[in-house]
Visitor: 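Quick one: the structure is below, questions incoming.
Below, chains carry the letters A, B, ... as their sequence lines are ordered, and counting in each starts from 1. Note: hydrogens, waters and symmetry copies are ignored here, and every other heavy atom, side chains too, is used.
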Amino acid sequence: VSGHGAHDEYHRHHHEEAHDHDGLQPTVFSLRTPLHFGAPLAPAQVRTALAAFCRALVDGLAARGCRLIGHVKGVLEAGASGTQFFNLTTFDAPPRFNGELAAAVDSYELTINAIVFFVDRDAVEACVHDAIRDHLGVSAGEA
Amino acid sequence: VRTIVVAGFLGSGKTTVLLELARSLTDGGNKVAVIENEIGDVGIDGRYVEEHGLRVQELFGGCICCTLTVGLLDALKELERTYDPDYVLVEPTGIAKPAELADAVRRYSQRSERVSVVTLIDAERYDMLTEVIGPLLEGQIARADVVVVNKSETVEPAALQRIVDEVRGFAASAPVLAVSAHDRAGMDSVIGAVL
């Protein structure tokens, strides 16, 4: 079977239904938001802030009953200053960083993608916002 | 077109291994495209893979082994039409059942000549993950063509050997290779087994 016929046949039989993932129910939370630190931070300081954000986030998740982190991935995009990727998969280890910032950063866009288990979405959202507030500055529109 | 599915639970190192495979293939003069699937509404990996100069098609908000399978087939067709790659590397979500999406590609894709499944296992979290999500891991291993025990640098040699032995028990006849994709240790054997 091929071409549009294949597509249609597959669609008829699949009906866009999710099959069972062996009982796993991931909680997925994504966020993209403009932020600023309030003053320019050097690249090393940005990594320190991101590590503190991750620490606060996983501590918050653990406190709310999360037993398994699928992953927490993020990217800080700061225009000409560059892009800093980060990710973590455990409660204990610090985040791994990929990419490198070329200059100090004040304003930036943060994207977060968290997939965790045994905790609801509202709790994840609260943890992310608390950790941002404490470590990553404020929304671009705020003072 | 040859399709390689790089599967494995969340955080097992799929993107790192995929990039190593892509680098090896492009060094050999092949045209490589990547399909990234994120269960969330926002993609991170696609952005990262693009930074390595690869053509990327992203699929968000579901899993290509079930809710987005039609989207995967459309993406494959679109890549074949607009880019004509020699290889398409597919990174599904970490909870995907790779055998099911490989079957769908085999049955319905117009031009995929061969579909291989590489399943990654996270050595660092192996004991915890087998306790919490054992059936999913066993399913991801069972129909893989190659199984890669990644993050070997994070465990002691004896523990790594035990993990490899246990994984072999689930893996039918597929080779089981221990690597550290982060340190590029053992990746040549993976590339040799997959390609």
Visitor: Could you please spell out the steps behind the side chain to side chain donor-acceptor pair (under 3.5 Å) verdict for A:R121 and A:T27?
Guide: CA-CA 6 Å; A:R121 190 185 179 284; A:T27 299; over 6 Å; no

Visitor: I need the B:D74 CG to B:L79 CG distance, nearest 0.5 Å.
Guide: 11.0 Å

Visitor: Quick check: do B:K77 and B:R81 have side-chain heavy atoms less than 4.5 Å from each other?
Guide: no

Visitor: Can you tell which of B:D45, B:V132, B:L129 has the highest number of heavy-atom pairs within less than 4.5 Å of chain A?
Guide: B:D45

Visitor: Would you confirm whether A:Q84, through its side chain, and A:R47, through its main-chain N or O, come within 3.5 Å as a donor-acceptor pair?
Guide: no

Visitor: Are A:I112 and A:F86 close enough that some pair of their side-chain heavy atoms sits under 4.5 Å apart?
Guide: yes

Visitor: Can you list everything that forms a side-chain contact (heavy atoms from CB on, under 4.5 Å) with A:N98? Sequence neighbours excluded, please.
Guide: A:F85, A:N87, B:Y48

Visitor: With a sphere of 6.0 Å drawn around CD of A:E100, does it hold more than 12 non-hydrogen atoms of other residues, nucleotides or ligands?
Guide: no

Visitor: Report which part of B:I39 has an atom under 4.5 Å of a heavy atom belonging to chain A: side chain, backbone, both, or neither.
Guide: both

Visitor: What residues of residues 5-20 of chain B sit under 4.5 Å from chain A when only non-hydrogen atoms are counted?
Guide: B:F9, B:L10, B:G11, B:T15

Visitor: Which residues from residues 170-195 of chain B are near chain A, with near meaning under 4.5 Å between non-hydrogen atoms?
Guide: B:H182

Visitor: Does a side-chain heavy-atom distance below 4.5 Å link B:D145 with B:V117?
Guide: yes

Visitor: Salt bridge between B:E50 and B:R47, side-chain N to carboxylate O under 4.0 Å?
Guide: no

Visitor: Looking at A:S81 and A:A104, would you say the former's side chain and the latter's main chain have a donor-acceptor pair under 3.5 Å?
Guide: yes

Visitor: Heavy-atom distances under 4.5 Å only: say whether A:F117 touches chain B with side chain, backbone, both or neither.
Guide: side chain

Visitor: For residues B:V164 and B:R168, determine if any side-chain heavy atom of one lies less than 4.5 Å from a side-chain heavy atom of the other.
Guide: yes

Visitor: Could you list which of residues 60-78 of chain A have a heavy atom closer than 4.5 Å to any heavy atom of chain B, in residue-number order?
Guide: A:R67, A:L68, A:I69, A:G70, A:H71, A:K73, A:G74, A:V75, A:E77

Visitor: Can you check whether B:D165 reaches B:R162 side chain to side chain, under 4.5 Å on heavy atoms?
Guide: no

Visitor: At what distance, to the nearest 0.5 angstrom, does CG of A:L35 lie from CG of A:L136?
Guide: 6.5 Å

Visitor: Any chance you could measure B:T130, atom OG1, to B:E138, atom CD, to the nearest 0.5 Å?
Guide: 8.5 Å

